[in-house]
Amino acid sequence: MNSPRLLRSCLLTTLSVGLLAAAVAPAHAERPAETAAAVTFSDTFDGPAGSGVDGAKWQLETGDNVNNHERQYYTPGTDNAKLDGQGNLVIEARRENPGNYQCWYGSCEYTSARLNTSGKFTATYGRVEARMKIPRGQGIWPAFWMLGQDIGQVGWPNSGEIDIMENVGFEPSTVHGTIHGPGYSGSGGIGAGYTLPNGEAFADAFHTFAVDWAPDRITWSVDGNVYQTRTPADLNGNQWVFDKPFFLILNLAVGGYWPGDPDGSTTFPQQLVVDEVKVTTSG
């Protein structure tokens, strides 16, 4: 199932333009083998409760996002993204507007956070993974994804986008992995979903979401279970734009075209709890 959203990456931020520039395989129980892998990026979010993320690794984007009709305002500092003192990053979405933030639809109704590694870390190939416990509820939209570092020069979707994990709250048991590029973006993105067995919800426990990325090949897995592989042969003749540096993004959106808006069943606050983000060479 493809993500029917518009350009999420055009969020108005306090970042400079330079920084922003700065066939489904059968599931099996083992992830692709790797040998002599070297860790190129790691964050286990160790630190005192209430402290911010490591500024040498991450920066926070701020603002709203009209392109997807998201409802939240992404805040700076530790307002909505902080360490819990137990080795986790907590990104929290709240129904509030203490800063009188203005969104595309008027006075903002929600706050949340979005972080990226642009200008600080990029990867070209390797295993990119995060161990997380996602939130729940109608209108809640957590994501772990990547954008081509050249987005400031070539724009989106020519930059390419790799969605390692997206979840929309009305599908508590399913996550999605998708690629976007020229000729296959937005609702035309190419991807698939992975559904937990026995009606389990992803919000009930931590899970590891990963891609194994090599020249002309990207493979997605959840807890080591591979659920899709994409190559240039899947693009119907369109350009494969995934052989270059990409930066990492973590965010928790509220509302939008794809998840829909929160309703009376949605409770706040909601938390995306991130235990670890790691990138290793493919070996």
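Since the structure is predicted, the reported quantities are computational estimates derived from the model, not experimental observations.
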Taking the side chain as C-beta and beyond, is there a heavy-atom pair between [X] and [Y] under 4.5 Å?
{"X": "Val175", "Y": "His207", "result": "no"}
{"X": "Asp275", "Y": "Phe45", "result": "no"}
{"X": "Tyr125", "Y": "Lys244", "result": "no"}
{"X": "Leu235", "Y": "Ile179", "result": "yes"}
{"X": "Asp216", "Y": "Asp243", "result": "yes"}
{"X": "Asn238", "Y": "Pro182", "result": "no"}
{"X": "Arg71", "Y": "Cys103", "result": "no"}
{"X": "Lys82", "Y": "Ser51", "result": "no"}

Using modelled atom types and a 3.5 Å cut-off, is there a donor and acceptor pairing between side-chain atoms of [X] and backbone atoms of [Y]?
{"X": "Tyr194", "Y": "Val226", "answer": "no"}
{"X": "Lys120", "Y": "Phe247", "answer": "no"}
{"X": "Ser112", "Y": "Leu252", "answer": "yes"}
{"X": "Arg217", "Y": "Thr229", "answer": "no"}
{"X": "Gln228", "Y": "Gly177", "answer": "yes"}

ring-ring contact (aromatic ring centres under 6.0 Å, His included) partner of [X], chosen from [options]:
{"X": "Tyr110", "options": "Phe268, Trp141, Tyr105, Tyr73", "result": "Phe268"}
{"X": "Trp213", "options": "Trp240, Trp220, Phe246", "result": "Phe246"}
{"X": "His176", "options": "Phe144, Trp258, Trp145", "result": "Trp258"}

Atom [atom1] of [X] and atom [atom2] of [Y]: how far apart are they, to the nearest 0.5 Å?
{"X": "Thr174", "Y": "Asn167", "atom1": "OG1", "atom2": "CG", "result": "8.0 Å"}
{"X": "Thr266", "Y": "Ile140", "atom1": "OG1", "atom2": "CD1", "result": "6.0 Å"}
{"X": "Met132", "Y": "Ile91", "atom1": "CE", "atom2": "CD1", "result": "8.5 Å"}
{"X": "Asn80", "Y": "Asn251", "atom1": "CG", "atom2": "CG", "result": "12.5 Å"}
{"X": "Glu171", "Y": "Phe202", "atom1": "CD", "atom2": "CZ", "result": "10.5 Å"}
{"X": "Glu161", "Y": "Ser185", "atom1": "CD", "atom2": "OG", "result": "9.0 Å"}

Parallel, tilted or perpendicular, judged at 30° and 60°: which one describes the rings of His69 and Tyr257? parallel

Whether over 12 other heavy atoms sit under 6.0 Å from Arg95 CZ: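 Yes, enclosed.
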
Does His180 form a side-chain contact (heavy atoms from CB on, under 4.5 Å) with Asp163? I'd like the steps, not just the answer. CA-CA 8 Å; His180 301 266; Asp163 298 325; 3.0 Å; yes

Can you list the steps and then say if Leu250 with Leu89 is a side-chain contact (heavy atoms from CB on, under 4.5 Å)? CA-CA 11 Å; Leu250 282 166; Leu89 164 66; 4.3 Å; yes

Heavy-atom closest pair, residues [X] and [Y]:
{"X": "Asp261", "Y": "Gln138", "answer": "O-NE2, 3.1 Å"}
{"X": "Thr44", "Y": "Asp46", "answer": "OG1-OD2, 2.7 Å"}
{"X": "Thr281", "Y": "Thr40", "answer": "CG2-CG2, 3.9 Å"}
{"X": "Pro48", "Y": "Leu83", "answer": "O-CB, 3.8 Å"}
{"X": "Asp263", "Y": "Ser265", "answer": "OD1-OG, 2.5 Å"}
{"X": "Pro262", "Y": "Val254", "answer": "CG-CG1, 3.5 Å"}

Answer yes if the side chains of [X] and [Y] hold a donor-acceptor pair under 3.5 Å, and no otherwise.
{"X": "Asn68", "Y": "Glu70", "result": "yes"}
{"X": "Glu96", "Y": "Thr111", "result": "yes"}
{"X": "Gln59", "Y": "Asn116", "result": "yes"}
{"X": "Asn97", "Y": "Ser107", "result": "yes"}

Just do the side-chain contact (heavy atoms from CB on, under 4.5 Å) check on Lys133 and Asn88 with the steps written out, would you? CA-CA 10 Å; Lys133 184 164 69 171; Asn88 301 304; over 6 Å; no

Derivation and outcome, side-chain contact (heavy atoms from CB on, under 4.5 Å), residues Asn158 and Val241: CA-CA 7 Å; Asn158 291 338; Val241 290; 5.8 Å; no

Would a hydrophobic clustering, with Ile, Leu, Val, Met, Phe, Trp and Tyr connected at side-chain separations under 4.5 Å, put [X] with [Y]?
{"X": "Leu60", "Y": "Trp58", "result": "yes"}
{"X": "Ile164", "Y": "Leu115", "result": "yes"}
{"X": "Val53", "Y": "Val273", "result": "no"}
{"X": "Val90", "Y": "Leu248", "result": "no"}

May I ask you to establish whether Arg131 and Phe206 are in a cation-pi arrangement, using a distance under 6.0 Å from NZ or CZ to the six-membered ring centre and at most 45° from the ring axis? yes

Salt-bridge contact Arg136-Asp204 (side-chain N to carboxylate O under 4.0 Å): yes

